[in-house]
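Some notes on the structure that comes next.
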Amino acid sequence: MARIFIFLMGLVVIWAALAEAEYMIYKDATKSLNSRIKDLMNRMTLEEKIGQMTQIERGVASAEVMKDYFIGSVLSGGGSAPSKQASAETWINMVNEFQKGALSTRLGIPMIYGIDAVHGHNNVYKATIFPHNVGLGATRDPNLVKRIGAATALEVRATGIPYVFAPCIAVCRDPRWGRCYESYSEDPKLVQAMTEMVSGLQGDIPANSSKGVPFVAGKTKVAACAKHFVGDGGTTKGINENNTQISRHGLLSIHMPGYYNSIIKGVSTVMVSYSSWNGVKMHANRDMVTGFLKNILRFRGFVISDWEGIDRITSPPHGNYSYSIQAGISAGIDMIMVPNNYKEFIDGLTSHVKNEVVPMSRIDDAVKRILRVKFTMGLFENPLADNSLVNELGSQEHRELAREAVRKSLVLLKNGESAAEPLLPLPKKATKILVAGSHADNLGYQCGGWTIEWQGVGGNNLTSGTTILTAIKNTVDPSTEVVYKENPDADFVRSNNFSYAIVVVGEPPYAETFGDSLNLTISEPGPSTIQNVCGTVKCATVIISGRPVVIQPYVSLMDALVAAWLPGSEGQGVADVLFGDYGFTGTLSQTWFKTVDQLPMNVGDRHYDPLFPFGFGLTTKPTKTI
């Protein structure tokens with residue numbers, strides 16, 4: 001009898017366990033979003049909740065760490081890859097390995113993997129590298145930007161990643177800022193128009209969707225991140241991570257508008273800026289993060305810190321981490337990009353909650369938002385990536401799109417001494433032409449920062465693409481002799497009887513603070529190349545830069561001048577327009593100053609005296625080749 005009783009009791013236990021599994025509402029995709037969130041939240045311990053709020057770098061992640069600490073998110077920092085020249089399959093295997101660790105936890109909450117895809121999937125070997133945002137702003141083409149977003153989403157998903165830290169909707173008000181190329185424009189209206197990138201990355205929000213609710217349209221789209229909230233492009237002298245001194249009205253009318261549009265379009269996440277507003281660190285600014293972004297704008301996705309963003313609340317950074325945790329979480333940041341010392345963060349936040357320094361309601365708000373994004377994007381139903389999209393990485397279709405973007409981003413600033421005698425478009429058939437300059441045959445330079453490495457890298461071995469020199473050779477008539485000399489002297493130019501010359505010079509790659517510059521000069525030997533070549537033969541100069549730079553001293557020497565920004569991997573787009581297969585259509589999205597003493601100087605200022613004004617750009621018509 002006792003045996004039968006034990007057997008029956010065993011059946012009851014098994015039945016109860018099955019019933020519980022059956023009634024896990026959060027695992028049922030047919031249930032409403034809110035009921036799934038509520039059900040899962042009710043099951044979670046404090047440890048599991050804080051784990052969701054923790055984002056760690058892939059270099060310190062493992063399946064075991066994911067499982068033991070209930071980690072909610074992993075990222076690749078700039079240039080952080082599973083191996084050098086890693087394939088899409090290698091990326092997928094790494095991401096899935098971390099995911100399996102997350103899924104093996106008691107509740108099986110999937111982690112979300114994030115990466116900086118700021119001009120294409122730029123950390124990944126052989127991905128398509130699109131022009132940086134400053135060039136896209138010059139296209140004045142929001143639909144193009146949306147298509148680039150869709151292509152980028154496919155390439156990111158091709159490597160098993162569902163979340164990108166893009167778009168940057170900074171309004172760069174001073175080109176001395178090292179992140180100016182990540183900004184579409186100094187004009188908030190143009191930045192607003194370019195938030196179509198959000199729709200490209202995530203998909204178009206359904207017509208009946210509530211304002212502020214995050215949206216991702218399935219497995220070919222990614223969660224986006226509007227950044228950096230707010231005022232990152234307005235710091236004094238353009239110093240990165242510094243202080244934006246401006247009235248509330250100025251902040252809301254210049255730096256905030258892009259967030260209005262991004263939130264309406266269902267952006268999933270918002271990243272907080274390192275910078276301060278009138279002396280208050282944005283990472284500790286409860287009034288703006290909770291009061292404005294969450295309460296007034298009714299943003300319902302999650303707010304993420306920047307890399308070690310809370311550490312930098314104090315000076316020196318990490319000087320009082322316990323305080324930084326309290327200040328950042330209390331401000332309303334939901335997920336902390338720790339990214340390395342995750343045990344210290346978890347222990348510190350756990351202690352604050354247990355000691356009632358941080359209320360449980362704040363933790364619940366954060367976790368609810370993180371789960372909302374994860375549920376909305378289908379991460380619970382499809383947590384593991386497969387190889388079905390690997391051929392999207394660097395596809396020919398995407399390279400053609402990037403080439404189109406390059407063509408449309410080029411701004412023609414000068415074309416001949418008078419309109420009656422234009423130099424461009426150049427004839428494809430000529431006896432002998434010179435191509436010169438440090439940037440003519442350098443794929444890394446034309447891609448700029450945030451390409452394979454965080455700071456970018458020079459040379460032609462970083463990834464796949466077409467240099468401007470190669471593009472020129474591809475375009476000219478087979479009978480045209482193309483001579484390339486990086487920095488020729490005037491005698492060489494004079495003695496060779498060139499029909500014309502193309503000089504390609506500019507800035508070296510840089511990112512963030514490393515790009516801050518108070519002089520904004522073209523890097524040597526660029527100026528001497530211009531002098532030696534343009535002083536001797538008819539020349540078209542192409543400037544490769546992340547922003548307007550000092551060119552006033554050289555303009556009179558040049559017959560034609562083109563701003564090509566940081567065009568990315570598809571240099572053929574430059575030759576397409578130089579030789580007239582397509583016309584010049586781009587216009588300046590940034591004011592081009594005469595001297596740095598004028599800065600900051602923006603369109604609409606009372607004393608506005610630029611070398612080339614905002615919106616300027618000469619045009620040419622395509623020529624039919626015979």
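Quick note: residue numbers are just sequence positions, from 1.
At a cut-off of 3.5 Å, with distance as the only test, a side-chain donor of H119 or T451 sits close to an acceptor on the other residue. In this structure, a donor-acceptor pair under 3.5 Å is present between the side chains of D386 and S388. Side chain to side chain, T159 and H121 meet the donor-acceptor criterion of an N or O pair below 3.5 Å. One side chain, Y163 or T269, offers a donor N or O that lies under 3.5 Å from an acceptor on the other.
Taking 4.0 Å as the cut-off between side-chain N and carboxylate O, E512 and R179 count as a salt-bridged pair. A salt bridge is defined here as a Lys NZ or Arg NE, NH1 or NH2 lying under 4.0 Å from an Asp or Glu carboxylate O, and K146 with D204 meets this definition. Under the 4.0 Å criterion applied to side-chain N and carboxylate O atoms, D365 and R362 are assigned as salt-bridge partners.
For CD of E381, the number of neighbouring non-hydrogen atoms (other residues, nucleotides, ligands) closer than 6.0 Å is greater than 12. By the 6.0 Å contact criterion, OH on Y323 is open, its count of non-hydrogen atoms from other residues, nucleotides or ligands being 12 or less. Dense packing is recorded around CZ of R147, with more than 12 heavy atoms of other residues, nucleotides or ligands lying under 6.0 Å away. Counting heavy atoms of neighbouring residues, nucleotides and ligands inside a 6.0 Å radius, atom CZ of R106 exceeds 12 of them. Other residues, nucleotides and ligands contribute only 12 or fewer heavy atoms inside 6.0 Å of the CD atom of E47.
Side-chain atoms of L201 and P167, non-hydrogen and from C-beta on, do get closer than 4.5 Å to each other. Using a 4.5 Å cut-off on side-chain heavy atoms (C-beta onward), V74 and M66 make contact. Side-chain contact check for K294 versus D334: some heavy-atom pair is nearer than 4.5 Å.
Ring-plane geometry between F375 and F380 is classed as parallel, the angle between the planes falling under 30 degrees on a 0 to 90 degree scale with a further cut at 60. Ring-plane geometry between Y113 and W91 is classed as perpendicular, the angle between the planes exceeding 60 degrees on a 0 to 90 degree scale with a lower cut at 30.
With hydrogens and angles ignored, the 3.5 Å screen pairs no side-chain donor or acceptor of S324 with any backbone N or O of I313. No donor-acceptor pair under 3.5 Å is formed between the side chain of Y26 and the backbone N or O of R43. When atom types are taken as modelled, the side chain of D39 and the backbone of S35 share no donor-acceptor pair closer than 3.5 angstrom. The backbone N or O of R312 sits nowhere less than 3.5 Å from a side-chain atom of S315 that would complete a donor-acceptor pair. Proximity of a side-chain donor or acceptor of D516 to a complementary backbone N or O of W177 within less than 3.5 Å is not detected.
Here the closest heavy-atom approach between residue S268 and residue F299 is recorded as O-CZ, 3.6 Å.
In this structure, R173 forms no cation-pi arrangement with F614, as its terminal cationic atom is not both closer than 6.0 Å to the ring centre and no more than 45° off the ring axis.
For the side-chain contact (heavy atoms from CB on, under 4.5 Å) with F229, the lone residue among I304, V270, N285, D306 that qualifies is V270.
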(Q) Checking D287 against R248 for the salt bridge (Lys or Arg N to Asp or Glu O under 4.0 Å) test, could you report, in this order, the C-alpha distance in whole Å, the side-chain angles of both residues, the deciding distance, and whether it holds? (A) CA-CA 12 Å; D287 175 49; R248 188 178 183 89; 3.3 Å; yes
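With sequence neighbours excluded, no residue satisfies ring pair (Phe, Tyr, Trp, His ring centres under 6.0 Å) with F215. In this view, K227 and D116 satisfy the salt bridge (Lys or Arg N to Asp or Glu O under 4.0 Å) rule, not counting sequence neighbours.
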